[in-house]
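Notes follow the structure.
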Protein chains: 2
Amino acid sequence: MRILLVEDEAEMAAALSAALRKYDMAVDRAASISEAEELVALAVFDAILLDRQLPDGDGLCLIPRLRKRGIHTPVIILTAKGTLPDRISGLDAGADDYMAKPFAVEELVARLRAVLRRPADLKPDMVRLGRLNLNLDHLDADVEGRPLRLPRRELLVLATLMRRMGRTVVRATLEAAVYALDEEIQSNALDTHISRLRRKLSEAGAGVEIHGIRGIGYLMKGA
Amino acid sequence: MRILLVEDEAEMAAALSAALRKYDMAVDRAASISEAEELVALAVFDAILLDRQLPDGDGLCLIPRLRKRGIHTPVIILTAKGTLPDRISGLDAGADDYMAKPFAVEELVARLRAVLRRPADLKPDMVRLGRLNLNLDHLDADVEGRPLRLPRRELLVLATLMRRMGRTVVRATLEAAVYALDEEIQSNALDTHISRLRRKLSEAGAGVEIHGIRGIGYLMKGA
DNA sequence: GAACCCGCAATGTAGCCGCAATCTTCGCCG
DNA sequence: CGGCGAAGATTGCGGCTACATTGCGGGTTC
């Protein structure tokens, strides 16, 4: 889950960033509207958290500009004002949800999940392939009921592959799922994760295969 | 168990808050209807205690407004008037229960539990793992009948782990289960609780294990 | 006032994970 | 069909970080 946090206050941004990372989200930060526009051009985000008070104007202005560029990433407004007219103007501008500061992070996470679930409301939290079960929400995996212990990054890679099982996942998508922009990756770290995943899945008798597709990415399917 | 108390009288609110906390409930307070609406937007509560006499109107007005927003949190009305027409109007408005002041806190707690049990009446109150029994309702534990005395926070951690036994519980979920909105945590307090829990469970011969899963959270299972 | 929670900090430790070196596989082109 | 280059697979190593544990002290409760 990759999140863009648009917030000018450094302290607030840092705290929120850290909290969201605990929920295994990759968070990138923009301190202004213009910076946000640049970042949106650089990467695909799953959701945008948008403060209204920004140095170069009301955060709401960002929304129509994104929509004009054909970017329909869901937006959740964050603001100190929680009055009713404020809420309405936010939602009118095209935001998907609204949160007044101060708020509980878990509530924000719940709304994020709700917003992300919206387009395909039917998608289940549990997915199964071969003898492998994975709970995308709580991030735990088991093989026929026997829990499978996996480190964090491998689990994130696995979840991304499972979400699109049977279809190829481009390499960049996998990297994006695991790493935020500011975390640099200058080696074959992803290949390493894939390799270790393959070994563990095989040892656990999961009955799944991860195929490498040269020059493109990976594909996961039952054995 | 997270409770929202809507009550404008400070003294009453403080007393009730303190009393409920003794029953291991995390209580947040709102002094008016509008404040309550904000708080409900901020966090997910398990139940709402609602006074009728509030500075910005009759507390009953809050209920339909919540329901319209798709929030079905159970509501218990608290009021000085206990006449029959009053009760009827309260329940008509969508409240789940009704208490006339003055009341015994024990009775309020009992009604809270009843209301909370309602939606999923089948879920078991007792869970067992290894030689450890835990009553999720009254939050007390025993090992083969011999009562196991545990401090409050450790019990909350234990209960959260037991609810999802055999599956991983993410760290942030545990923190949310133990701490209310206004309580902050800026150290490894959770780790401390886990550590002390492990020791006590082991000394009591509970026959259970709490596995730490690096970067994710914890998992509890039989030894 | 004694007991006990409970948050904090210091310390030790395990294991994740990034890196790089090496080996293998695949595609391309003559 | 054979060789070459590039991408991928695998594995050991080491730094770093999250977690485990424990003592201490302030605060609260009985």
Side-chain angles (χ1 to χ4, degrees), chain A residues 18-19 21-24 26 139 141 148-158 160-161 168-175 177-180 182-203 209-220, chain B residues 14-15 17-24 26 139-141 148-158 161 168-175 177-180 182-203 209-220:
Chain A
R21 272 189 246 271
K22 284 189 186 170
Y23 286 92
D24 294 322
L139 277 189
L148 177 61
R149 253 192 93 181
L150 289 175
R152 205 176 83 93
R153 301 218 120 110
E154 290 172 32
L155 216 34
L156 291 172
V157 170
L158 178 63
T160 309
L161 287 170
T168 66
V169 182
V170 294
R171 198 184 175 80
T173 302
L174 284 169
E175 289 176 353
V178 180
Y179 301 93
D182 52 356
E183 302 180 81
E184 46 190 297
I185 174 175
Q186 47 186 348
S187 77
N188 58 352
L190 179 59
D191 304 60
T192 309
H193 292 308
I194 293 278
S195 174
R196 296 204 252 249
L197 247 183
R198 278 205 260 243
R199 164 193 295 271
K200 285 171 189 168
L201 289 174
S202 153
E203 281 175 355
E209 283 173 359
I210 300 178
H211 294 274
I213 303 194
R214 195 183 183 79
I216 312 265
Y218 293 89
L219 178 150
M220 187 164 184
Chain B
S17 241
L20 290 176
R21 273 189 245 271
K22 284 188 187 167
Y23 287 91
D24 295 324
L139 277 189
D140 57 358
L148 177 59
R149 217 186 135 209
L150 288 176
R152 191 174 134 264
R153 303 217 116 114
E154 289 172 32
L155 260 177
L156 291 172
V157 171
L158 178 63
L161 287 170
T168 64
V169 182
V170 294
R171 196 184 176 81
T173 301
L174 285 169
E175 290 175 355
V178 177
Y179 299 94
D182 51 356
E183 302 179 85
E184 48 189 302
I185 175 173
Q186 48 185 352
S187 77
N188 58 353
L190 179 59
D191 304 60
T192 309
H193 293 309
I194 293 277
S195 177
R196 297 204 251 249
L197 248 183
R198 279 205 260 243
R199 165 192 294 271
K200 286 170 190 170
L201 289 174
S202 155
E203 281 175 354
E209 284 173 359
I210 300 177
H211 294 273
I213 302 184
R214 191 186 181 81
I216 306 209
Y218 293 89
L219 178 150
M220 187 164 183

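Lettering of chains follows the sequences in order, A, B, ..., and the numbering in each one begins at 1.
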Which is true for A:Arg149 with a 4.0 Å heavy-atom rule: it touches a base, it touches only sugar-phosphate, or it touches nothing?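 Answer is nothing: A:Arg149 stays at 4.0 Å or more from every strand.
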Item checked: side chain to side chain contact (heavy atoms under 4.5 Å, CB included) partner of B:Met220, chosen from B:Leu197, B:Thr168, B:Val169, B:Leu158 ->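 Result for side chain to side chain contact (heavy atoms under 4.5 Å, CB included) with B:Met220: B:Leu158.
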Below 4.0 Å: OP1/OP2 of [N] and any side-chain N or O of [X]:
X	N	answer
A:Ser195	D:dA9	no
B:Arg198	D:dA20	yes
B:Arg199	D:dT22	yes
A:Arg153	C:dG18	yes
B:Arg171	D:dC19	yes
B:His193	C:dG7	yes

Expected output: side-chain A:Arg198 to main-chain A:Ile210 donor-acceptor under 3.5 Å: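 Flag set: sc A:Arg198 to bb A:Ile210 pair under 3.5 Å.
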Under 3.5 Å, side chain of A:Thr160 to main-chain N/O of A:Leu156, donor-acceptor pair present?
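The answer is yes, because a donor-acceptor pair under 3.5 Å joins these two groups.
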Q | Nearest-nucleotide comparison on DNA chain C, the residue closer to the 5′ end among B:Glu154 and A:Arg196 | A |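 Taking each residue's closest nucleotide, the earlier one in sequence belongs to B:Glu154.
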Notebook entry, point to check: Does the base of D:dT22 carry an N or O that pairs as donor and acceptor with the side chain of B:Asp191 under 3.5 Å?
Noted result: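 Check fails, no donor-acceptor contact within cut-off.
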Taking only the side-chain heavy atoms of [X] (C-beta and beyond), determine which of [options] contains the nearest atom.
X	options	answer
B:Asn188	C:dC6, D:dA20, D:dT10	D:dA20
B:Arg214	C:dA14, C:dC17, C:dG7	C:dA14
B:Tyr218	D:dC19, D:dT11, C:dG18	D:dC19

Problem set entry | Shortest non-hydrogen contact between A:Ala189 and A:Tyr179, atoms and distance |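 The answer is CB-OH, 3.9 Å.
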